[in-house]
Structure formats: structure tokens, C-alpha cells
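Some notes on the structure that comes next.
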Amino acid sequence: MDKIVIHGGERLVGEVAVSGSKNATLPIFASSLLAEGENRFYGVPDLNDVKTICEVLKNLGVKIGRGQGGDYLLDGTELAGHEAPYKLVKTMRASILVLGPLIARARRAVISLPGGCAIGARPINLHMKGLEKMGAEIQLRHGYIEAKTRGLRGADIYLDISTVTGTENLMMAAALAKGETVIENAATEPEVVDLAEVLNKMGGNISGAGSSIIRIKGVKQLTATEHTIIPDRIEAGTFMIAAGVTKGNIHIRNCKLDHMEAVVNKLREAGMEILREDDGTRAIGNKRIKSVDIKTLPYPGFPTDMQAQIMVLMTLARGLSVISETIFENRFVHVGELRRMGANIKIERSSAIIKGVKGLSGAPVMATDLRASASLVLAGLAAEGETEVSRVYHLDRGYEKLEEKLASLGAHIRRDPRK
Ligand code: EPU
């Protein structure tokens, strides 16, 4: 299995470009199930999760090709199946994003129920409850969600928790339902807004995306469109922290700062300079890192997907910081590994209490989820000596060519496929 090997201590300097957002691409690709004709999507990141959603969609009859510039062509005119099998869903829970559009368009969907994952139990009860309100009949049998309907109709849906993929699933289902759907306490993440924009370009009638109340007037038919995926705000934040932990100076292109206010504020509070420039953002690490307290929250709060990475910065800060995780119940798997590298972190319930140390020391480490793996790479960049990060397949799910991009900034980092 591949490992990433890092010789830490290099100051990262130079320019890097952020890829398209993974979590915007996945629902947007799923939306191709709703439309007649061939969609063209630009700025799609080359990631294993994107390959997986393509497999799920091909299984349902979507034709997928590549344009000359690497853009993706997705044609869902003729759907040919209604099942997302266990073997695909178990590799990527976001496969559940086909449930909403499939039941709306094909009136039938059989989707393997995603199990828990390393970061939490992650139920999808709110996706199902919302679809039932819209007239879907749902049964759970042999590990599969079997959903059918004689036709979805608009409904008033209040989400107990502002679930991101739940909001996306319901928005896609409602786009072809009869009448108006109102989703209250909807997720406001930029990825939800990007999906709404695609659905509207397809001829949908959606307003309020980006606020907590989304109104969707169902239409009879949607037609394929073109769209450029928004930049990945989590990848951009990860590069900012790479500058922070190596006291580097990185110019980040394709970075939408408006999507990153909570992260940028915390990094500035920690002593970093984050500067808006004409064609991107400059992130400059400071010799002295200040400790800050952080609480993960739904957007526009501090994203849980940046929690592991900012924790690495805090391991090197002066003083104590407290990081509270409020979204997922088990998202501190990286803590034990960071401790192996010399970090001083104590966990109390859903909070990590971090006492800054002078430096980290390289060690063999492994992680069980995507963002935790990214945090270990960041720790390796800052550490003295060699760090070997194993289970790199987690990184490949969500970071495009991370080691190549970091190497171009001066990091001593390589992928070691032999070990
Ligand atoms: N929840 C429920 N019931 C539901 C749905 C969610 O109780 O029906 C709970 C979850 O257990 C969790 C909270 O609600 O405690 C929020 O979960 P949410 O549904 O918003 O998460 P998600 O849609 O499954 C997306 C991202 C995650 C990101 C979270 C939170 C995608 C494909 N995934 O997951 O991304 O952490 O939102 O922002 O968009 C990642 O990229 O590494 C990643 C895990």
C-alpha cells in the first residue's frame, strides 16, 4: 500500500493552484440523473471519490465521457438502472446523493444504506424523512433502501439538523416534484449553492440557496447544462496551514476567500497573514503562532473538515488552545497519531485541549479518514526528521496530487509505492 514519506523542516514558498471542490462535484454529478441531454462540467478534480460517483452513475445508465480540456461530459438522458450496490456505496457514503434525483426521475431507487464511518455513525434519517414527506415510500431491506413513488409532490420540510448532503438530496428530488417544496434549516454551505446554481441552469426554479430557507418550485423537465465547479475551500485552507506550520509564504490561486471567512479569521488570530491578491490569496506563516480556541459548526462557522488541520497549527502555538468538535462524534482519530509526533493533546469529551510544543518529531503514522490524513502530512512538513504517512488511499479520495503540489512549494515529500 502506498505511503507518503516527508522530510520535514522545509519552509514552503511559491505558488499553488487549488482544484475544484470534491464536495461540490459529487452532488453536481448526481444531478445529471435529473436532466435530458449532455452536461459539461469544468474544473472537476481528479480524485478517487469522483471516480466512484462516476461508477455509481454509469451503473444507473449515465453516459460519461471526457472533453478535450479534461472536462467531464455526463448524459443521463436514458437511465438504465435504479440500484447503487453495496460494493460502491461502502467505498463512498456520498453515493447516497443519487437517492433524491433517482427517485424523482425514475420513481424507483434501490440504494445500499451507508454504514457508519471512521468519524461517526452518520445516519441519513433526515434524507429519508424528507423524501417520505414528498410522497416516497421507503423500506429498509437487507441493508438496502428501497424507495418508490407514484410521483413526488412538494412539501414543507424542516431539517432537525442542517445536513449538507440531506439538503442536496432533497433539493434535487424537489426540482422535479409537483408543486413547491420549502426546506427549512437547510444547509448553507457554498457546495449547496453551487448545486442550486446548476439545477437552475438546467431550468429548475430554486431560490434561497445559501440561506436557511430554500424554496424549490418543481418543474416538469430539466435540460443539461454547463458549469465550472467552485474551488475546494478545504484544500485551500490546507495550503494556508501548510504555510502556517512551515513559516512559509504561499500564493494560492483559484481560492475563493468569501467561502472561507471563519478559517481565515482564525488563521489571522493565530498570527498568520492572509492577504487577498489580484489572482489569488497569499498565506504567510509567522515565527510565533498564537493559540486560538475553535468550535466546528455548520457553515458559515468553522468547518469540521478543517479541524484536524488547524489542530496541527495549534500543536506548535504558544499556550493552550481548545478545539471543540460539534458535528461528528468521533473526529479526533488524528490525535493519537499527532501525540506520536510529540504533540501535547488531551481529549475531554468533544474537546481537544492542546498545549503548544516547541517542535514535532517525525514518526511513522497512519490515519483512518481523509482530513486526518491531511493533518498528518501537515505535521510531517513541520516535524524534524522523517514522517511516513500510511493508508494514503484516504488522501487520494479528496486531495488532487497533494504531494506533487507540496513538492512544487519546496517540500521534501514523495510517494513510496513499494512499502
Ligand atoms: N445527520 C443526522 N441525520 C441525517 C444527516 C446528518 O443526524 O440524516 C447528522 C450527522 O451525523 C452529523 C451532522 O448531521 O452529525 C452533519 O452531517 P451532514 O449530513 O451535514 O454531513 P454529510 O452531508 O454526510 C458533508 C460532507 C462532509 C462534511 C460534512 C459536514 C459531502 C460529500 N460530505 O457530509 O465532508 O464533513 O458535510 O460539513 O459533502 C470530507 O470531505 O472529508 C467530509 C467528510
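Remember, it's 1-based here, ligands and their atoms both numbered in the order they're listed.
Side chains of Pro190 and Arg233 form a contact here, defined as non-hydrogen atoms less than 4.5 Å apart. Counting heavy atoms from C-beta on, the side chains of Phe41 and Thr25 never come closer than 4.5 Å.
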Which atom pairs, donor and acceptor, lie under 3.5 Å between side-chain atoms of residues 369-382 and protein residues at least two apart or in another chain?
residue, atom, partner, partner atom, Å
Asp369, OD2, Arg371, N, 3.2
Arg371, NH1, Tyr399, OH, 3.3
Ser373, OG, Asp369, O, 2.7
Ser375, OG, Ala372, O, 2.7

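Of all protein heavy atoms, the one lying nearest to atom 22 (P) of ligand 1 is Thr165 OG1, 3.5 Å. From the protein, the heavy atom lying nearest to atom 21 (O) of ligand 1 is Phe328 CZ, 3.9 Å. Given atom 36 (O) of ligand 1, the protein heavy atom at minimum distance is Asp305 OD1, 2.6 Å. Here the protein heavy atom with the shortest distance to atom 12 (C) of ligand 1 is Ile327 O, 3.4 Å. Protein heavy atom closest to atom 44 (C) of ligand 1, with residue, atom name and distance, is Arg331 NH2, 3.6 Å. The nearest heavy-atom contact from the protein to atom 3 (N) of ligand 1 is Asn125 OD1, 2.8 Å. The protein heavy atom nearest to atom 20 (O) of ligand 1 is Val164 N, 2.8 Å. Summary of contacts: the protein heavy atom closest to atom 30 (C) of ligand 1 is Thr304 CG2, 3.8 Å.
Ligand 1 has no nitrogen or oxygen under 3.5 angstrom from a nitrogen or oxygen of Ile161. At least one N or O atom of Arg371, backbone or side chain, sits closer than 3.5 Å to an N or O atom of ligand 1. Considering backbone and side-chain atoms alike, Thr163 places an N or O below 3.5 Å from some N or O of ligand 1.
Side-chain polar atoms of Ser351 and Ser324 form a donor-acceptor pair below 3.5 angstrom. Side-chain contact check for His227 and Asn39: no donor-acceptor pair (N or O, by modelled atom type) lies under 3.5 Å. For Thr304 and Glu325, the side-chain atoms include at least one donor-acceptor pair closer than 3.5 Å.
Using a 4.0 Å cut-off to heavy atoms of His127, the atoms of ligand 1 that qualify are 8 (O). For ligand 1, the atoms closer than 4.0 angstrom to any heavy atom of Leu370 are 42 (O). Of all the atoms in ligand 1, the ones that sit under 4.0 Å from a non-hydrogen atom of Lys22 are 40 (C), 41 (O). Those atoms of ligand 1 that come under 4.0 Å of a heavy atom in Ala94, given as number and element, are 32 (C). Shown in contact with Ile124 at under 4.0 Å from a heavy atom are these atoms of ligand 1, numbered in order with element: 4 (C), 8 (O).
When the heavy atoms of Arg122, Arg93, Met128, Met92 are ranked by distance to atom 34 (O) of ligand 1, first place goes to Arg122. Selection from Pro123, Pro114, Ser21 by nearest heavy atom to atom 7 (O) of ligand 1 gives Pro123.
With a 6.0 Å radius and a threshold of 12 heavy atoms from other residues, nucleotides or ligands, Glu329 has its CD atom above the threshold.
The shortest non-hydrogen separation linking Asn169 to Leu97 is OD1-O, 3.3 Å. Between Pro45 and Ser19, the shortest heavy-atom distance links the atoms CB-CB, 4.1 Å.
Among the candidates Ile157, Ile213, Ile216, Ile214, the single residue satisfying the side chain to side chain contact (heavy atoms under 4.5 Å, CB included) test with Val182 is Ile213. Partner Leu33 forms a side chain to side chain contact (heavy atoms under 4.5 Å, CB included) with one of Leu74, Leu79, Ile103, Leu176 and no other, that one being Leu79.
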